[in-house]
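Model, not experiment: these values are computed from the prediction. Side chains included, hydrogens not; waters and symmetry mates left out as well; all remaining heavy atoms used.
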Amino acid sequence: MKHDPDGKYHRTYSGKAPFSNMLYCGECGMPVHRRRITSRRDGKPYKFTVWHCRLAAQKVEADFDCHSKYVWEEVIEAAYNEMLLKMTEEIDLIRAEGEAAIEDVSLTYDEKERLKELEEIIDRINDRISEMAMRESATNDPIYDATLRNMIYESQIYQQEHEALVKSQDEEIYMRQNLEALITYLENQSSFETFDATEFKKLVERGILHKDYEIEFIFKCGVKRMAYGWRRGKNE
């Protein structure tokens, strides 16, 4: 689900700002960070907050360039709220999209049967290992040692396969819980005039800032929606 799954783009900003650790550049994939910029209005200086790709803002070095533009924080917030408002009219579609995303990570029938089989195999091997450990050879028998090492290795191989299937199973549960949380939120929220940072972090996995101020939000349930921002804050 992560845009930077290997963690190769180090992030140094704190998690206190609403979008910290959650926004990525749609052009280069780098994390997007928060900046305070000073400008002038009617001859007087004023500050505003933006989110900008770390590479485009020259905060990191890379062997490629990025020319993405910054986006006002208030624009991201307003675009997100407008998107949510539209989503309240698409509940059935959202549920269908969420179920489709969940289906992609769900275990197949054969995988579920394999998971049960692996649990039985691992239990049998571990029982044999325990039995051998209890009657440990006092003569340093090489056959005994080789057999025990082989069973431990065999158990580890099956454990790895088991853990991969359990991880997929947990992902299905995680996404289904978040799909219900998103739908419940949309059905019960009466106003989207104020940006709710707490609910944003609960519902959204990440956001991607594309060109032309398009912002893609990817929810934790797998549903994706595009929001549309603008060049400057509404008050400008």
Side-chain angles (χ1 to χ4, degrees), residues 1-9 11 21-24 26 29 31 80 83-134 146-189 198-208 210 214-227:
M1 295 288 290
K2 294 290 185 184
H3 195 70
D4 179 29
D6 300 322
K8 63 181 180 179
Y9 298 140
R11 291 167 280 190
N21 304 319
M22 299 186 70
L23 297 181
Y24 294 85
Y80 175 75
M83 178 193 69
L84 288 180
L85 182 60
K86 294 178 181 178
M87 290 173 68
T88 60
E89 302 174 356
E90 305 173 339
I91 299 297
D92 290 342
L93 178 60
I94 290 169
R95 184 176 292 280
E97 291 180 6
E99 290 292 346
I102 292 169
E103 182 66 24
D104 287 340
V105 302
S106 298
L107 297 182
T108 63
Y109 174 81
D110 289 342
E111 288 173 330
K112 291 178 181 178
E113 291 300 306
R114 177 58 175 169
L115 184 59
K116 295 177 183 177
E117 181 184 17
L118 286 170
E119 290 171 350
E120 295 174 357
I121 292 173
I122 292 170
D123 285 342
R124 286 200 301 268
I125 295 175
N126 289 341
D127 286 343
R128 289 170 57 196
I129 292 173
S130 297
E131 291 173 2
M132 290 194 68
M134 291 177 64
T147 302
L148 185 59
R149 286 197 302 270
N150 183 67
M151 284 196 295
I152 292 173
Y153 175 75
E154 187 179 10
S155 176
Q156 291 172 340
I157 294 299
Y158 285 123
Q159 283 282 3
Q160 290 176 359
E161 184 182 356
H162 179 270
E163 288 172 3
L165 291 174
V166 169
K167 186 176 181 180
S168 294
Q169 185 173 257
D170 290 344
E171 181 71 8
E172 175 186 355
I173 296 171
Y174 170 84
M175 291 177 67
R176 189 169 299 283
Q177 290 173 340
N178 280 286
L179 176 60
E180 294 306 318
L182 174 60
I183 291 174
T184 299
Y185 177 73
L186 293 174
E187 289 179 336
N188 292 281
Q189 188 69 10
T198 300
E199 288 298 326
F200 176 84
K201 288 181 177 293
K202 287 181 181 179
L203 299 172
V204 177
E205 182 72 40
R206 70 183 185 274
I208 302 175
H210 295 286
E214 292 184 346
I215 311 162
E216 182 179 11
F217 291 103
I218 301 170
F219 291 87
K220 292 180 180 180
C221 61
V223 170
K224 302 177 182 179
R225 281 294 183 277
M226 192 72 74

Worksheet item: Just how far is it from atom CD of Glu117 to atom CG of Asp110, taken to the nearest 0.5 Å?
Response: 11.0 Å
Practice prompt. Would you list the pairs meeting salt bridge (charged side-chain N to carboxylate O under 4.0 Å, His left out) in which at least one residue belongs to residues 92-101, sequence neighbours left out?
Written response: Arg95-Glu180, Glu97-Arg225, Glu99-Arg176
Fill in: CG-CG distance between Leu165 and Leu107, expressed to the nearest 0.5 angstrom
6.0 Å
Item to complete: Examine distances only and state if a side-chain atom of Thr88 and a backbone atom of Leu85 form a donor-acceptor pair shorter than 3.5 Å.
Response: yes
Worksheet item: Any donor-acceptor pair under 3.5 Å linking the side chain of Asn150 with the backbone of Ala146?
Response: no
Practice prompt. Would you indicate whether Glu103, at its atom CD, is surrounded by more than 12 heavy atoms from other residues, nucleotides or ligands within a distance under 6.0 Å?
Written response: no
Worksheet, complete the sentence: Glu172 and Ile102 have their tightest heavy-atom pair at CG-CG2, 3.7 Å
Item to complete: Rounded to the nearest 0.5 Å, what's the gap from CD on Glu216 to NE2 on His210? Could you check?
Response: 4.0 Å
Fill in: Rounded distance (nearest 0.5 Å) linking atom CD of Gln177 with atom CE of Met175
12.0 Å
Discussion item. Quick check: do Met87 and Leu182 have side-chain heavy atoms less than 4.5 Å from each other?
Written reply: yes
Worksheet item: What distance do Leu186 atom CG and Leu203 atom CG have between them, rounded to the nearest 0.5 Å?
Response: 7.5 Å
Worksheet item: Is any NZ, NE, NH1 or NH2 atom of the basic residue among Glu131 and Arg128 found under 4.0 Å from an Asp or Glu carboxylate oxygen of the other?
Response: no
Fill in: Qualifying salt bridge (charged side-chain N to carboxylate O under 4.0 Å, His left out) pairs, either residue in residues 152-169, two or more places apart
Arg114-Glu161
Worksheet item: Sequence neighbours excluded, which residues qualify as side-chain hydrogen bond (donor to acceptor under 3.5 Å, both in side chains) partners of Asn126?
Response: Ser155
Item to complete: Indicate the atoms forming the closest heavy-atom contact of Ala101 with Cys221, along with that distance.
Response: CB-O, 3.8 Å
Worksheet item: From Gln159 CD over to Ile157 CD1, what is the distance, rounded to the nearest 0.5 angstrom?
Response: 10.5 Å
Discussion item. Contact between Met22 and Phe200 at the side-chain level, heavy atoms closer than 4.5 Å - yes or no?
Written reply: yes
Worksheet entry | Heavy-atom side-chain proximity of Val204 to Tyr80 below 4.5 angstrom | yes
Worksheet entry | 4.5 Å side-chain heavy-atom contact, Ile129 and Leu148 | yes
Worksheet entry | Shortest non-hydrogen separation from His162 to Leu115 and the atoms involved | CD2-CD1, 3.4 Å
